[in-house]
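Here is the structure we will look at.
Within every chain, numbering begins at 1; the chains are lettered A, B, ... in the order of the sequence lines, protein sequences first and strands thereafter.
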2 protein chains.
Amino acid sequence: MLGPGKADLLAGIRDTGSISAAGRAMSMSYKRAWSLVEEMNAAFGTPLVISSRGGAQGGGAHLTEAGEAVLSHYRTLEQRALAAGSEQIEAIAALLDDMSEGK
Amino acid sequence: MLGPGKADLLAGIRDTGSISAAGRAMSMSYKRAWSLVEEMNAAFGTPLVISSRGGAQGGGAHLTEAGEAVLSHYRTLEQRALAAGSEQIEAIAALLDDMSEGK
């Protein structure tokens, strides 16, 4: 329902004001970016992203209050998870390093 | 390089002694399960999984010491991340619940 890709897409929409620009910055097709936004809006039962297609300025998109809240909680979650798991991440990285050096 | 799917596959191989049985339990094709194992073995530069094809007992697979270590670190990482992020997970879940109830 929410993962790193969707969180980055929300952040991109917040920063660019556009679903297609946010998708492009992630090398994602227009169709894929819209599809992820629609999935999130449906999953939460209220829009996280509001978009207006067309119009004088060619449309645009922005995060709703719910969208901002979800993104903010997710970013805090990522930071806390990374901090809490730093020992294990280092241990796995050490196994990768040792082995790629043939130790 | 390592995520929930690959970790579950390692655990399945440890428990079943078979790459194909572990994949099947995850509704994964034989080809996909082998491909993930090969990816992990290549990424770590040493095998996490050793398999023997054919033979009297139809082959089998087991985790190496490195495979056991990687799986163990990953499971601890998951537990710590979940515990550290529990407030945020609850906050996101609360947004899901409130909205699906139309509040």
Quiz item: Can you tell me if CZ on B:Arg75 sees more than 12 non-hydrogen neighbours from other groups inside 6.0 Å?
Solution: yes
Quiz item: For B:Leu82, is it the side chain, the backbone, both or neither that has a heavy atom under 4.5 Å from a heavy atom of chain A?
Solution: neither
Quiz item: Honestly curious: do B:Ile50 and B:Val37 fall in one hydrophobic cluster under the side-chain, below-4.5 Å linking rule?
Solution: no
Might you point out which heavy atoms bring [X] and [Y] nearest each other, and give the distance in Å?
{"X": "A:Val70", "Y": "B:Ile92", "value": "O-CD1, 4.2 Å"}
{"X": "A:Ala69", "Y": "B:Leu95", "value": "CB-CD1, 4.0 Å"}
{"X": "B:Ala84", "Y": "A:Ala84", "value": "CB-CB, 3.4 Å"}
{"X": "A:His73", "Y": "B:Gln88", "value": "O-CG, 3.2 Å"}

Quiz item: With a 4.5 angstrom heavy-atom cut-off, which part of A:Glu87 approaches chain B: side chain, backbone, both or neither?
Solution: side chain
